[in-house]
*Asks:* 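Below is one structure. I have some questions about it.
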Amino acid sequence: MIARSELRSIVENGVWKQNSSLIQILGLCPLLAVSTNAVNGVMLSLATILVMAVSNVAVASLRHLIPHEVRIPVFILIIAALVTVVDLAFNVFLHELYLVLGIFIPLIVTNCIVLARVEAFAARNPPLQSTLDGIFMGVGMLWTLGLLGAMREFFGGGTILAGIDMVFPGLQPLQILPADYPGLLLAILPPGAFILLGCMIAWKNWVEARAAARKRALTVAAAHSA
Amino acid sequence: MIRRRELTAPMMAVRTAVILFVFVIVFTGVLAGAYLWTKPALEASAAEEKMKLVNEVLPPGSYDNDLLADAITLAAEPLLGIDDSSQLYRARRQGAPVAAVFEAVAPDGYSGRIRLLIAAAHDGRILGVRVIQHKETPGLGDYIEPKKDKNKERPWISQFTGLSYQSLAAPAWRVKKDGGHFDYLAGATVTPRAIVKAVAKAARFAADRRALIYGEESTAGAAGAENQGESK
């Protein structure tokens, strides 16, 4: 099974410390293309979670059979084959969901975060840990892309959750700014994604710097009182 | 990783190559299996998807034949903007031609090609236009999709319905900004301009190529052409 501390470190790394979009800055291409609104960002992340869990568990199970010299082609082979199988199975068994998520699955194959986690984690760890790593790396991507998408559509068109009716028919996007808001095209175009992602990275660094400063102050205070 | 026994370099290389080869075979097998296993279901749902799109441009009650089975293959057609062969479906009611459903491409959208599905009645009137695929700017140029159009009562794309190449003179097949007949939304004129141009050409195609579409070359050769069309 899995130790509590190990689980904790996998979750922390995936969601915050090694966040795929904010720290590793991997998978920028789908990030730019898809984060035009929160719904798309979240949907791509859900599909990525599925693919990362599947490819991590496959590579972790086969890791003793893969010669070190040719591991990269083998990883790519495994990922590409499994993504295709997931894509086909999705289409057949969950057709309604596929219509929403389906367009994102081919995008995932090009996402280097999948290969990166296989290489950095699944090739060295048992299947259970690797599956969890895939899932939580995806969760980290999910909140980042969701937030980035929400900001882009808010600045770009004054809405939040545009396109929600394609996932849950009947729900309406929230119009936050007045309907005659002229829109900020920059936020919707790729440069807007870069600018806002930069702001998010700066925010994360600020949060961490503040936490580190507080910790330092605490240790200093403790040393003084001792 | 693999335990290393005393192996010479060439033997190692061969061994690695064999392992890589086995992986390729196994995963190709997995892929082939998954493909064969899902193929029938995928084909069924692709046909269903196609019918769903067709139903959006052509009212389902207006014909009684199996439209997808009554198809002809069009050669590359400059009027439709397609540089490859494409399918055209014919709707009939009690054997008499009602309408044709075909694809057209607007090559000059704001960012790339816009694919359209168009239904035209036998007399050349446009019955409906839908955008099948586009890469226009989200939130700006994507009102060409009725789903994203804020005007739900009368989506932008519906203004083509009922028009034909005869009923609207050639100079009027433009957006209002260019002195034509069609509305557009400020801030995104390249997109509607491209679509209006493509639909105008498609309307001309529907009006001029009736013989090709329905296989009625002339009154005398009609029977022969009909058979030829059906054998396809």
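This is a predicted model, so every value here is computed, not measured. Chain letters run A, B, ... following the sequence lines, proteins first, then strands; residues in each count from 1.
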*Asks:* Counting only heavy atoms not in A/Lys204, do more than 12 sit closer than 6.0 Å to its NZ atom?
*Replies:* yes
*Asks:* Under 4.5 Å from any heavy atom of chain B, what part of A/Leu88 do you find: side chain, backbone, both or neither?
*Replies:* both
*Asks:* Taking side chain as everything from C-beta outward and backbone as N, CA, C, O, which of these in B/Thr38 sits under 4.5 Å from a heavy atom of chain A? Side chain, backbone, both or neither.
*Replies:* both
*Asks:* Could you give the distance from CD (A/Glu69) to CG (B/Leu20), rounded to the nearest 0.5 Å?
*Replies:* 11.0 Å
*Asks:* Closest heavy-atom contact between B/Leu31 and A/Ala81?
*Replies:* CD2-O, 3.6 Å
*Asks:* Taking all atoms of both residues into account, what is the closest heavy-atom pair of A/Pro67 and B/Thr16, and its distance?
*Replies:* CB-CG2, 4.0 Å
*Asks:* Any non-hydrogen side-chain atom of A/Leu77 less than 4.5 Å from a side-chain atom of B/Val24?
*Replies:* yes
*Asks:* Would you mind reporting whether A/Val70 and B/Phe23 have side-chain heavy atoms less than 4.5 Å apart?
*Replies:* no
*Asks:* Could you look at A/Ile78 and say if it's the side chain, the backbone, both or neither that has a heavy atom under 4.5 Å from chain B?
*Replies:* both
*Asks:* As an exercise, state the distance from CZ of B/Phe27 to CD1 of A/Ile79, rounded to the nearest 0.5 Å.
*Replies:* 10.5 Å
*Asks:* If you define the side chain from C-beta out and look only at heavy atoms, does anything of B/Val30 sit under 4.5 Å from A/Val85?
*Replies:* yes
